[in-house]
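We name chains A, B, ... by the order of the sequence lines, and we start the count at 1 in each one.
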Protein chains: 2
Amino acid sequence: MRKDSRLSRVLHVLVHLNRFDSPVTSDTLAKMLSTNAVVVRRTMALLRAQGYVHSAKGHNGGWTLAKPLAEISLLDIHSSLGEGSVFTIGLTDEHNSCPIEIAVNKALQDVMGEAEQLMLKRFAEVTLDTLELESMNHLKDLGI
Amino acid sequence: MRKDSRLSRVLHVLVHLNRFDSPVTSDTLAKMLSTNAVVVRRTMALLRAQGYVHSAKGHNGGWTLAKPLAEISLLDIHSSLGEGSVFTIGLTDEHNSCPIEIAVNKALQDVMGEAEQLMLKRFAEVTLDTLELESMNHLKDLGI
DNA sequence: AACCCACGTAACCTATAATGTTTCGTGATA
DNA sequence: TATCACGAAACATTATAGGTTACGTGGGTT
C-alpha cells in the first residue's frame, strides 16, 4: 500500500525554511524534495491554513515560517495534514448486527486507539527546533 | 488510502469457525464476509501455513480450526498476514545524505516504532476465545 | 503601463496495492 | 466416475497518493 509521505516531507521543508532569510519558492522546495511545485503548494497550503507558514506572490515571493520552530510540534503538523487514520489496518463494517464482528472490531479498535494516542502524545512532545538541533549534532558527530 | 481489512475479516471467520463441527467451505465463509471464495482461500492459506487452520478437499471438505481459540492470539493472526507496516505514514528516503531528513526520519521512526510495539504487545494479550466470550456477553446484554 | 514572477486552483494522468473475478487444475469422497 | 472443494494463475476493478498540465490572479520590476 502506498504510504503518505507528506509529514516526513513537510517537516524536512520546515526545518530547511528556518535557514533562509528570504522567502523560498515552491519550485525550490520541490527540487529539494524531488517533486513538483504544485505538490508543494498543495501540502503547504494546509500548514498555512493553520498559521505555521506564510506565502507571498510576485517577485521575491515564496514561503516563510510564520512561527519559530520551537513553537511547532510534530503533532501540530501531523494534525494540519488532516484527520485520516494512521493505520493501514481497517475494520469491516458490513455486518454490524453480527456480535462476533462487533467484538472483533471493538478489540482491534481498542488496541489501535491506544497505540494512536501514544503516537500523538509523543508527537506533541517533539518540537521542530529539536529536529534542527539533532541534525546539527549529527554533522558534529561526523566531524564536520 | 485503502485499508487492509484482512485481519478484521479473518478474525471474524475464525470465531465463527469454532461454532461448526464439520468443515466450512470457502464459499460459505465468503458469503459471511460478502466477498469471494478465492479471496477467502488467499487469506486462509496464510493462516494454514502457520498451523492455525486446516483445509480439506472434496466432499465434506472445507476449513476447520487446527487449534483451540484460546491458543490463538490477535498477534498470531496479525503476524500470519505478513510483515507490512501498520502505518499509513511513510518516510522519504530520497536524500539520505541530508542531515535534516535523517533527523526527521529518526524522530518519526522512533515514535512509530514505539506505537507499533505497544500495539503488538496488546495484540499478544488477546486470545480469540476472549472475543467469542465478549460476543456472547453482548448478546446477553441485549437480553437474547 | 507592460512585463514577469510566484502562488492559487482545477482538471487530468499515473502508479501502486487491496480486492474482486474468471478459469482451469487436482485430490478426495460418494 | 461424477461431483465437490481447494489450489493457483491470470486478469479486472477500485481507491488513493502523487505527478503533470494549464490557466488565472495579484504583486513587484522595469
Atom-pair distance (CZ on B/Phe20; P on D/dA5), nearest Å | 14 Å

Would you state whether a donor and an acceptor, one from the side chain of B/Arg42 and one from the base of D/dG7, lie under 3.5 Å apart?
-> no

Answer with base, sugar-phosphate or nothing: what part of the nucleic acid does A/Ala56 contact at a heavy-atom distance below 4.0 Å?
-> sugar-phosphate

Which of the following nucleotides, C/dT19, D/dG18, C/dT9, is nearest to the side chain of A/Arg48?
-> C/dT9

Does A/Asn60 place a side-chain N or O at less than 4.0 Å from the phosphate oxygens OP1/OP2 of D/dG28?
-> no

Rounding to a whole Å, what distance do you find between A/Asn36:CG and C/dA6:C1'?
-> 14 Å

To the nearest 0.5 angstrom, please state how far the OG atom of A/Ser85 sits from the CG atom of A/Asp4.
-> 11.0 Å

Which value, rounded to the nearest 0.5 Å, describes the distance between A/Tyr52 atom OH and A/Leu47 atom CG?
-> 8.5 Å

On DNA chain D, check which nucleotide each of B/Thr25 and A/Val39 is closest to and give me the residue with the more 5' one.
-> B/Thr25

Whole-Å distance, B/Leu47 CG to D/dC6 C1', equals 15 Å

Tell me: CG of B/Leu46 to P of D/dG7, nearest whole Å?
-> 12 Å

Taking CZ from B/Arg6 and P from C/dA18, how many angstroms apart are they, rounded to a whole number?
-> 7 Å

Taking only N and O in the side chain of B/Thr35, is any of them less than 4.0 Å away from OP1 or OP2 of C/dG20?
-> yes

Indicate whether the side chain of A/Thr127 and that of A/Glu71 have a donor and an acceptor atom separated by less than 3.5 Å.
-> no

Record whether the side chain of A/His59 comes under 3.5 Å of the base of D/dT29 through a donor-acceptor pair of N or O atoms.
-> no

Let me know the distance between NE2 of B/His54 and P of C/dA28, rounded to the nearest Å.
-> 11 Å

If each of A/Val38 and A/Ser26 is mapped to the nucleotide of DNA chain C with the nearest heavy atom, which maps nearer the 5' terminus, i.e. the 5' end?
-> A/Ser26

Phosphate oxygens OP1/OP2 of C/dG20: is one of them under 4.0 Å from a side-chain N or O of B/Arg9?
-> yes

Is any side-chain N or O of B/Arg41 closer than 4.0 Å to OP1 or OP2 of D/dC6?
-> yes

Without hydrogens or angle criteria, can the side chains of B/Thr28 and B/Thr25 be said to hold a donor-acceptor pair below 3.5 Å?
-> yes

From A/Arg19 atom CZ to A/Glu132 atom CD, the distance as rounded to the nearest 0.5 Å = 5.0 Å

Specify the separation, in whole Å, of atom CG of A/Asp27 and atom P of C/dG8.
-> 14 Å

Verify the contact: side-chain N or O of B/Ser55 to OP1 or OP2 of D/dG7, cut-off strictly under 4.0 Å; return yes or no.
-> yes

Return the value, rounded to whole Å, for the distance between atom NZ of A/Lys57 and atom P of C/dC7.
-> 10 Å

